[in-house]
Amino acid sequence: MFTGIITDIGTVRALTMKGDLTARIDCAYAADSIDIGASIACNGVCLTVTDRGPAGEGAWFAVSISAETVSKTNIGGWAEGTRINLERALRVGDELGGHIVSGHVDGVAELVAMAGEGDSTRMSFEAPEALARFIAPKGSVALNGISLTVNEVEGLRFGINVIPHTSEATTLGLAQVGDRINLEIDTMARYVARLRECDAA
């Protein structure tokens, strides 16, 4: 489990296809603190560490990514040099600063508009039709792994406000209109929708 609070921006250094896709990712985490088998959310996708660099050198870790995961996320657009949001798995006793995020991406949203609003940036996204009903004003979503509050919803589109700190601490500061963004809906919204379906049955 994760919180949607990004702790590092990593850089994709190598991509190789050997059955599954393997990505090597540079990071600022201490190499000896990364356990083989640990989970790290990479742009919101929960991935398992399969290798890591030795202590004392530039830190990196490797992950294996299945074809199913590539097809459901924006990982297919990664290339050498791509910057990605990183978050390590939540530990017992850690502060829950965002919202509960599973790292299981539901689909890909498109960034369709952005504009300055004071010191912040207002961004509008279009969600896949099957997921739009789970997104509500003042609710939570995870976009490329970032816990964010929804400001408004109109049809398939929803808007968020990105403060300067979030722009600097995540890859949203690099975002451009047309970008495909990993979207994970709030687990609570999913259960509420399911309960309503059961009540109506």
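Residue indices begin at 1 and follow the sequence shown.
Clustering ILVMFWY residues whenever any of their side-chain heavy atoms sit less than 4.5 angstrom apart, transitively, puts M114 in the very cluster that holds L143. L183 and L156 fall into different hydrophobic clusters, where Ile, Leu, Val, Met, Phe, Trp and Tyr side chains are chained together by heavy-atom contacts under 4.5 Å. I5 and Y29 are not part of a single hydrophobic cluster, where members link through side-chain heavy atoms under 4.5 Å apart. Put simply, I181 and I146 are part of the same group of oily side chains (I, L, V, M, F, W, Y) that touch within less than 4.5 Å, one to the next. Following chains of ILVMFWY side-chain contacts shorter than 4.5 Å, one cannot reach I9 starting from F61, and the two form parts of different hydrophobic clusters.
Residues S167 and V162 share a closest heavy-atom pair of OG-CG1, 3.3 Å. Residues F2 and A41 share a closest heavy-atom pair of CE2-N, 3.5 Å. Residues V49 and I40 share a closest heavy-atom pair of CG2-CD1, 3.7 Å. Looking at every heavy atom in both residues, A31 comes nearest to G53 through CB-O, 3.5 Å. Nearest approach of L111 to A175, heavy atoms of both residues: CD2-CB, 3.8 Å. Heavy-atom minimum distance, T82 versus G77: OG1-O, 4.4 Å.
Of the candidates T11, T171, N43, T11 is the only one forming a side chain to side chain donor-acceptor pair (under 3.5 Å) with R83. Of the residues N74, N85, T170, the one that meets the side chain to side chain donor-acceptor pair (under 3.5 Å) test with N144 is N74.
Defined by atom type and a distance below 3.5 Å, a donor-acceptor pair is missing between the side-chain atoms of R24 and T16.
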Applying side chain to side chain contact (heavy atoms under 4.5 Å, CB included) to I36 and T50, what does each step give before you reach the verdict? CA-CA 6 Å; I36 303 299; T50 57; 5.7 Å; no
Let me see the working for I65 and C42 under side chain to side chain contact (heavy atoms under 4.5 Å, CB included), right down to the final yes or no. CA-CA 11 Å; I65 310 165; C42 302; over 6 Å; no
Assess whether side chain to side chain contact (heavy atoms under 4.5 Å, CB included) is satisfied between I84 and W78, documenting all intermediate values. CA-CA 9 Å; I84 59 174; W78 286 6; 3.8 Å; yes
Let's go through N161 and E117 carefully: what are the C-alpha distance in whole Å and the side-chain angles of both, what is the deciding distance for side chain to side chain contact (heavy atoms under 4.5 Å, CB included) to 0.1 Å, and is it a yes or a no? CA-CA 8 Å; N161 191 61; E117 191 171 279; 3.7 Å; yes
What do the steps show when you test E152 against K138 for salt bridge (Lys or Arg N to Asp or Glu O under 4.0 Å), and what is the final call? CA-CA 8 Å; E152 73 280 333; K138 307 308 176 186; over 6 Å; no
Please lay out, stage by stage, how R180 and T73 fare under the test side chain to side chain donor-acceptor pair (under 3.5 Å). CA-CA 9 Å; R180 300 175 71 251; T73 68; over 6 Å; no
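Using a 4.5 Å heavy-atom cutoff, the side chains of L172 and M123 are in contact. Side-chain contact between M1 and C46 is absent, with no heavy atoms from C-beta onward closer than 4.5 Å. Counting only heavy atoms from C-beta outward, the side chains of I135 and V141 approach each other to under 4.5 Å. Contact annotation: the side chain of T3 never approaches that of I100 to less than 4.5 Å [non-hydrogen atoms, C-beta and beyond].
One N or O on the side chain of D106 and one on the backbone of I185 form a donor-acceptor pair closer than 3.5 Å. Between the side chain of R52 and the main chain of I34, a donor-acceptor pair closer than 3.5 Å is present. Listed for the E87 side chain is no donor-acceptor partner under 3.5 Å among the backbone atoms of G44. In this structure a side-chain-to-backbone donor-acceptor pair under 3.5 Å is present from E184 to S102.
Note that CH2 of W60 is 13.5 Å distant from CZ of R13, once rounded to the nearest 0.5 Å. Taking CG of D20 as the start and OG1 of T69 as the end, the distance is 8.5 Å to the nearest 0.5 Å. Distance check: S140 OG to I160 CD1 gives 11.5 Å after rounding to the nearest 0.5 Å.
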